[in-house]
Amino acid sequence: MFGLFEKKKNPEERLEECLRKRDWDGLARAYYDLGAAAMDKGDLNKAVLWLNRADTVYSARDDVYEKAGKNRLFHKEIVTDCSDRIGKLEDAALLYNNIPSEAEEKAEELSDIQVRIWGMLSAARLVSLG
């Protein structure tokens, strides 16, 4: 009866359902909920993953972003809060933040031929995608 007695789905089930239905608004909300919960628990590495996915989903398609803009609650909760949370996580000591800078530092120590080999190996990993 009007969904009042339905069991509330966990976020992973919501993700699968939203992907199957191509419900991008719901997917952004599910990713945001996972990220916010992880951040509140102190699991910042997972929080940055889920919040960036939420940001990507609602920012990637104009129709989803416009719909978010029309829905004030969605916009305030997800778009604004998600951006604020991502901003707070940018300065945190996370693998997501540290690895690129460490790779750049290590690359500066390499000789010219080592940089070329590194580049070729990096390109070789992408062959399977192409």
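Computation of the quantities below employed the complete heavy-atom set of this structure, encompassing side-chain atoms and omitting hydrogens, waters and symmetry-equivalent molecules.
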Looking at R20, K21, R14, which hits side-chain hydrogen bond (donor to acceptor under 3.5 Å, both in side chains) with E17?
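So the option named by the test is K21.
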Are I117 and I113 side-chain neighbours, meaning at least one heavy-atom pair lies under 4.5 Å?
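Result yes, sub-4.5 Å side-chain heavy-atom pair found.
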Do M39 and K88 come close enough that some side-chain heavy atom pair is under 4.5 Å?
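Counting from C-beta outward, M39 and K88 do come under 4.5 Å.
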Inspect the contact between [Y] and [X] and indicate whether a charged nitrogen and a carboxylate oxygen are less than 4.0 angstrom apart.
| X | Y | value |
| --- | --- | --- |
| K106 | E102 | no |
| D40 | R85 | yes |
| R116 | D112 | yes |

Suppose we screen for side chain to side chain contact (heavy atoms under 4.5 Å, CB included). Which residues come up paired with D55, at least two apart in sequence or across chains?
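Checked D55 against side chain to side chain contact (heavy atoms under 4.5 Å, CB included); matches are Y58, S59, C82, I86.
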Hey, any chance L121 and L110 share a hydrophobic cluster, counting ILVMFWY side chains that come within less than 4.5 Å of each other, even indirectly?
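No, L121 does not connect to L110 through the hydrophobic network.
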Excluding sequence neighbours, so at least two apart, what forms ring-ring contact (aromatic ring centres under 6.0 Å, His included) with Y31?
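With sequence neighbours excluded, Y31 shows a ring-ring contact (aromatic ring centres under 6.0 Å, His included) to W50, given in chain and number order.
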What pair of heavy atoms forms the shortest contact from [X] to [Y], and how long is it?
| X | Y | answer |
| --- | --- | --- |
| Y32 | L51 | CD1-CD2, 3.9 Å |
| A47 | G35 | CB-O, 3.5 Å |
| A28 | A54 | O-CB, 3.6 Å |

Nearest 0.5 Å, what's the CG-SG distance between D23 and C18?
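Here the interatomic distance stands at 4.5 Å.
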Out of curiosity, L34 CG to L15 CG, how far, rounded to the nearest 0.5 Å?
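One finds 5.5 Å between CG of L34 and CG of L15.
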